[in-house]
Amino acid sequence: MSSITIKDVALAAGVSTATVSRVLNRTGYVSNQVRLHVEQVMKGLNYQPNVLARSLKQEKSRTVGIVLPDMTNPYFMGVARIVQQRLLEKGYHLIYMDSVEDPEKELEAIQLLQGMRIEALILAGTGQNAEIVKHLIHSGTAVVLLDRIIDGVHTDLVVEDNAGAAEEAMGYLLSKYGDRIGIIGGPQHISTARERLEGARKAVALVGIQISETKFYAGDYSRASGIQACNFFMETEEPPVAIFSSNNEMTYGFYLGMKERGLDLDSVEVISFGELDAAPLFSHRLSIIYQNPAQIGEAVAELTLKRLEREGIGREKRIFTPRLEKQFS
């Protein structure tokens, strides 16, 4: 059976092809009664619009790409869900890609989305693909950076005060434990990891305490590196009694490492930058720096839609403040 066309829909609905087109594209005036009628006819005929053909004809795809470093991370998925909801409300579709924190995979994802004629790109980047991002901006594609900055890229940005939150958390641990603290840092080519380490080091400098290299582990924002950090710390002469972990996945890994070693999970106090899904289910000595995925998602969606609709000029930077919730004072 041949595929259903827009002409078939118009004939079945008793309207013009122009009316069907306005319903599909959400452009021009169509009464609610006619719109609902046409949509019911399309559903009854199982009409599937040819998105590629429409985008070529209109020079608009009404699609937005989002490249995330880890789609399994609840924080990023929380942001993406809000963005998707808001874009759908305005007739745009969101295409998800996962870079798994790999610059090469990120580049491939951006190139693929570019070939799909996306109208905007939302990017939580590795920080190592500045040239293609700048090319997209110069070619007229709206770009919104999510969570992470990219050196040399000047565009809309939605981030958090990573340094300030890390400084507060580290200051709290220092006041309780002095130099008996371990720091699990993140990959320094990523802006959030640099900022969180900067905040932690500032807190250390303010109290004048020396933290030895045996109390620092350079992770990569993965659970595996959290396990490795645990093994590293527990094999030192004086294992830390408190941990500042700069990412929730590494925190999860740290606890997995403790479990593997048969250690009491309450034997170390931990502050995690970012929430663990399972955190409400146990009562270990875990404090959390809560991020704002819903608020950030709303801001990202608002800025993206503003650029898609050609509203406003210049660039905007939105900064949110994470909240440290201490479980043990």
Side-chain angles (χ1 to χ4, degrees), residues 67-80 96-109 123-129 146-148 162 166 169-170 173 181-197 200 211-236 239-282 284-291 293:
V67 181
L68 302 172
D70 182 1
M71 288 173 64
T72 67
N73 191 312
Y75 167 72
F76 286 113
M77 288 312 298
V79 172
Y96 291 69
M97 300 293 287
D98 190 339
S99 72
V100 296
E101 294 285 16
D102 184 328
E104 291 186 7
K105 287 184 172 59
E106 177 181 273
L107 177 61
E108 290 174 5
L123 176 62
T126 62
Q128 299 188 55
N129 285 302
L146 158 64
D147 188 62
R148 305 168 174 188
N162 291 285
M170 194 65 180
L173 291 179
I181 302 169
I183 301 171
I184 308 177
Q188 294 302 291
H189 62 268
I190 296 175
S191 64
T192 54
R194 292 196 304 270
E195 292 163 3
R196 292 168 192 177
L197 183 58
I211 301 290
S212 71
E213 287 302 311
T214 60
K215 297 296 195 300
F216 175 79
Y217 185 84
D220 63 6
Y221 275 2
S222 71
R223 291 186 185 183
S225 68
I227 295 173
Q228 293 159 5
C230 177
N231 292 332
F232 171 78
F233 288 134
M234 296 308 162
E235 290 168 10
T236 60
V241 296
I243 294 289
F244 170 68
S245 172
S246 58
N247 162 272
N248 55 352
E249 287 295 299
M250 295 193 300
T251 306
Y252 195 104
F254 180 81
Y255 277 118
L256 289 176
M258 291 186 70
K259 184 174 178 60
E260 288 176 2
R261 298 178 74 91
L263 299 173
D264 180 359
L265 301 189
D266 277 331
S267 63
V268 178
E269 182 167 352
V270 177
I271 292 184
S272 172
F273 205 117
E275 187 175 3
L276 279 69
D277 266 354
L281 302 179
F282 64 90
H284 303 305
R285 297 166 65 204
L286 170 66
S287 296
I288 293 172
I289 299 173
Y290 285 96
Q291 297 171 278

- request: Keeping the roles fixed (side chain from R196, backbone from S246), state whether a donor-acceptor pair exists under 3.5 Å.
  value: yes
statement: Contacts of Q228 meeting side-chain contact (heavy atoms from CB on, under 4.5 Å) (sequence neighbours excluded), chain-then-number -> Y217, A224, S225
task: Calculate, to the nearest 0.5 Å, the distance between atoms CZ and CG belonging to F254 and L276 respectively.
output: 12.0 Å
- request: Look at the side chain of T236 and the backbone N and O of F232, then say whether any donor-acceptor pair between them is shorter than 3.5 Å.
  value: no
statement: All heavy atoms of A200 vs all of A166, minimum pair found to be N-CB, 4.0 Å
message: Rounded to the nearest 0.5 Å, what separates atom CG in D98 from atom CG in L68?
response: 7.0 Å
query: Closest heavy-atom contact between G186 and A193?
result: C-CB, 3.5 Å
- prompt: Does CD belonging to Q188 count more than 12 external heavy atoms closer than 6.0 Å?
  reply: yes
message: Could you measure the distance from the CD atom of E260 to the CG atom of N231? Nearest 0.5 Å is fine.
response: 7.0 Å
Closest non-hydrogen atom pair, S272 against T251: OG-OG1, 2.8 Å
- prompt: Quick one: are D102 and Q128 in side-chain contact, heavy atoms under 4.5 Å?
  reply: no
field: Criterion side-chain contact (heavy atoms from CB on, under 4.5 Å) on T126 and E101, from CA distance to verdict
entry: CA-CA 6 Å; T126 62; E101 294 285 16; 4.2 Å; yes
query: Would you call E235 and R261 a salt bridge, using N to O less than 4.0 angstrom?
result: yes
- prompt: Does the pair R148/E106 count as a salt bridge with the N-to-O cut at 4.0 Å?
  reply: no
- request: For side-chain contact (heavy atoms from CB on, under 4.5 Å), just list the numbers for I184 and F233, CA-CA rounded to whole Å, side-chain angles, deciding distance to a tenth of an Å, and then say yes or no.
  value: CA-CA 10 Å; I184 308 177; F233 288 134; 3.8 Å; yes
query: Mind checking whether Y75 and D70 have side chains closer than 4.5 Å, heavy atoms only?
result: no
field: Side-chain donor-acceptor contact under 3.5 Å, T192 with Y221
entry: yes
query: When rounded to the nearest 0.5 angstrom, what is the spacing between CG in L286 and CG in D266?
result: 10.0 Å
- prompt: Minimum heavy-atom separation for V67 to S99, with atom names?
  reply: CG1-CB, 4.1 Å
- prompt: Can you name the side-chain contact (heavy atoms from CB on, under 4.5 Å) partners of A169, sequence neighbours left out?
  reply: F244, I271, I289, L324
- prompt: Have S222 and E249 got a donor and an acceptor in their side chains that come within less than 3.5 Å?
  reply: no
message: Quick check: do M234 and L263 have side-chain heavy atoms less than 4.5 Å from each other?
response: yes
- prompt: Backbone N or O of P103 within a donor-acceptor pair of the N129 side chain at under 3.5 Å?
  reply: yes
message: Within this structure, what is the CZ-CG distance for the pair F273 and N247, rounded to the nearest 0.5 Å?
response: 10.0 Å
- line: For C230 and G257, the nearest pair of non-hydrogen atoms, with its separation, is SG-C, 3.5 Å
message: Has R223 got a side-chain atom pairing as donor or acceptor with M250's backbone, closer than 3.5 angstrom?
response: no
task: Just jot down the side-chain contact (heavy atoms from CB on, under 4.5 Å) partners of S267, sequence neighbours excluded, or say none.
output: M258, D264
K215 and I181, any side-chain heavy atoms less than 4.5 Å apart: no
- prompt: Does the side-chain contact (heavy atoms from CB on, under 4.5 Å) test come out yes or no for N162 and R194, once each step is laid out?
  reply: CA-CA 9 Å; N162 291 285; R194 292 196 304 270; over 6 Å; no
- request: May I have the step-by-step check of side chain to side chain donor-acceptor pair (under 3.5 Å) for N248 and E275, ending in yes or no?
  value: CA-CA 6 Å; N248 55 352; E275 187 175 3; over 6 Å; no
query: Should we say atom CZ of F76 is surrounded by more than 12 heavy atoms from elsewhere, each under 6.0 Å from it?
result: yes
- line: CD (Q291) and CG (D147) are apart, to the nearest 0.5 Å, by 6.5 Å
